[in-house]
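FYI, side chains are in, hydrogens and waters are out, and symmetry mates aren't considered; it's all heavy atoms of this structure.
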Amino acid sequence: DEKLDLNDSKWEDIHVITGALKMFFRELPEPLFTYNHFNDFVNAIKQEPRQRVHAVKDLIKQLPKPNQDTMQVLFRHLKRVVENGEKNRMTYQSVAIVFGPTLLKPEKETGNIAVHTVYQNQIVELILLELNSIFGR
């Protein structure tokens with residue numbers, strides 16, 4: 001309900017805005033990639049490279065419509081961030097490292113957290129790299 005004035009000087013630091021964006025997604029009651037699909041996305045990224053995009057695209061279509069819509073807007077934005085990498089030093093991999101664990105996580109941490117992190121990052125990176133294949137133009 002709060003009205004934000006983006007011209008306020010407190011919003012000049014890009015780290016404040018990106019931190020707020022990450023915090024929004026981190027504090028959702030359920031991640032954007034829902035808990036019940038976590039293992040499915042991990043299994044999709046483990047497939048042969050040619051099958052990964054199709055598998056991830058199919059899984060995204062199984063998510064609730066608001067999640068799909070939010071995901072599409074977010075990933076299109078993150079793609080623009082990467083496209084300005086010369087200015088902001090953000091690559092596909094660095095964006096994936098920052099957002100992977102925030103957007104996609106298991107309901108209960110079991111097993112090796114480091115292994116989960118690798119898969120989380122790979123899934124986000126794949127979606128960024130294959131944005132048009134996954135979401136269309």
Side-chain angles (χ1 to χ4, degrees):
D1 293 332
E2 182 181 344
K3 300 270 188 225
L4 296 178
D5 177 8
L6 294 178
N7 292 320
D8 187 321
S9 63
K10 71 181 179 183
W11 299 110
E12 287 178 8
D13 183 0
I14 194 67
H15 300 291
V16 172
I17 294 171
T18 56
L21 181 64
K22 269 187 58 182
M23 185 168 46
F24 170 80
F25 285 106
R26 187 173 44 248
E27 292 186 1
L28 288 173
E30 185 166 21
L32 194 58
F33 293 74
T34 58
Y35 288 130
N36 62 327
H37 284 89
F38 177 79
N39 290 325
D40 298 329
F41 278 102
V42 168
N43 290 332
I45 202 69
K46 290 178 181 179
Q47 292 184 22
E48 294 297 320
R50 291 188 311 248
Q51 298 171 339
R52 289 178 189 162
V53 173
H54 183 70
V56 167
K57 182 177 180 174
D58 286 348
L59 286 169
I60 289 171
K61 288 179 180 179
Q62 294 176 31
L63 294 172
K65 183 77 167 109
N67 294 50
Q68 293 176 43
D69 294 344
T70 302
M71 195 176 288
Q72 183 170 352
V73 171
L74 175 64
F75 277 93
R76 288 194 188 285
H77 170 71
L78 294 176
K79 177 85 170 187
R80 284 192 303 273
V81 169
V82 171
E83 289 169 350
N84 288 286
E86 287 184 19
K87 296 177 192 168
N88 60 33
R89 299 190 315 255
M90 294 299 286
T91 64
Y92 288 104
Q93 188 175 28
S94 58
V95 169
I97 289 168
V98 169
F99 280 91
T102 300
L103 301 175
L104 177 77
K105 56 191 169 200
E107 190 163 11
K108 293 185 173 89
E109 284 295 340
T110 58
N112 190 337
I113 294 171
V115 172
H116 281 168
T117 302
V118 169
Y119 293 134
Q120 291 159 324
N121 299 349
Q122 288 176 349
I123 292 162
V124 169
E125 187 173 356
L126 176 76
I127 295 171
L128 287 168
L129 287 166
E130 298 293 340
L131 187 74
N132 290 332
S133 298
I134 293 172
F135 292 110
R137 295 228 171 237

**Prompt:** Donor-acceptor pair, E107 side chain versus Y35 backbone, under 3.5 Å?
**Reply:** no
Answer yes or no: is there a donor N or O on one side and an acceptor on the other, between the side chain of S94 and the main chain of T91, under 3.5 Å? yes
Looking only at heavy atoms, the pair that brings P106 and Q120 closest together is CD-NE2, 4.1 Å
In short, N36 meets T34 closest at the heavy-atom pair OD1-OG1, 2.7 Å
Contacts of V98 meeting side-chain contact (heavy atoms from CB on, under 4.5 Å) (sequence neighbours excluded), chain-then-number -> K22, M90
| Crowded around E83 CD? As in, over 12 foreign heavy atoms under 6.0 Å? | yes
Residue set satisfying side-chain contact (heavy atoms from CB on, under 4.5 Å) with V73, at least two apart, ordered chain then number -> none
Determine whether H116 and F38 make a side-chain contact, defined as any pair of heavy atoms from C-beta on separated by less than 4.5 Å. yes
- Message: Could you see if I45 belongs to whatever hydrophobic cluster contains M71? Use Ile, Leu, Val, Met, Phe, Trp, Tyr and a side-chain cutoff under 4.5 Å.
- Response: yes
Side chains of I60 and I127, heavy atoms from C-beta outward: is any pair under 4.5 Å? yes
Nearest heavy-atom contact between L63 and H37 is CD2-ND1, 3.8 Å
Side chain N43, main chain N39, donor-acceptor under 3.5 Å
yes
Can L103 and L74 be said to form a side-chain contact (heavy atoms from CB on, under 4.5 Å), step by step? CA-CA 10 Å; L103 301 175; L74 175 64; 3.8 Å; yes
Decide whether V95 and F25 are clustered together by the hydrophobic rule: side chain heavy atoms of Ile, Leu, Val, Met, Phe, Trp, Tyr closer than 4.5 Å, transitively.
yes
| said: Are L78 and I97 linked, directly or through intermediate hydrophobic residues, by side-chain heavy-atom contacts shorter than 4.5 Å (ILVMFWY only)? | reply: no
CZ (F135) and NZ (K57) are apart, to the nearest 0.5 Å, by 10.0 Å
For residues F41 and L28: do they belong to one hydrophobic cluster (side chain heavy atoms under 4.5 Å, members Ile, Leu, Val, Met, Phe, Trp, Tyr)?
yes
Run H15 and T18 through side chain to side chain donor-acceptor pair (under 3.5 Å) and show every step you take.
CA-CA 5 Å; H15 300 291; T18 56; 4.6 Å; no
Correct closest heavy-atom pair for V124 and A96 would be CG1-CA, 3.7 Å
Between F24 and F75, is there shared hydrophobic-cluster membership here, with clusters defined by ILVMFWY side-chain heavy atoms closer than 4.5 Å? yes
**Asked** Have Y92 and K79 got a donor and an acceptor in their side chains that come within less than 3.5 Å?
**Response** yes
Original post:
Do side-chain atoms of N88 reach the backbone of V81 as a donor and acceptor pair under 3.5 angstrom?
Top reply: yes
Looking only at heavy atoms, the pair that brings N121 and G100 closest together is OD1-CA, 4.0 Å
In this structure, CG of L59 is separated from NE2 of H54 (nearest 0.5 Å) by 10.0 Å
Here the pair of heavy atoms bringing R26 nearest to K105 is O-NZ, 3.5 Å
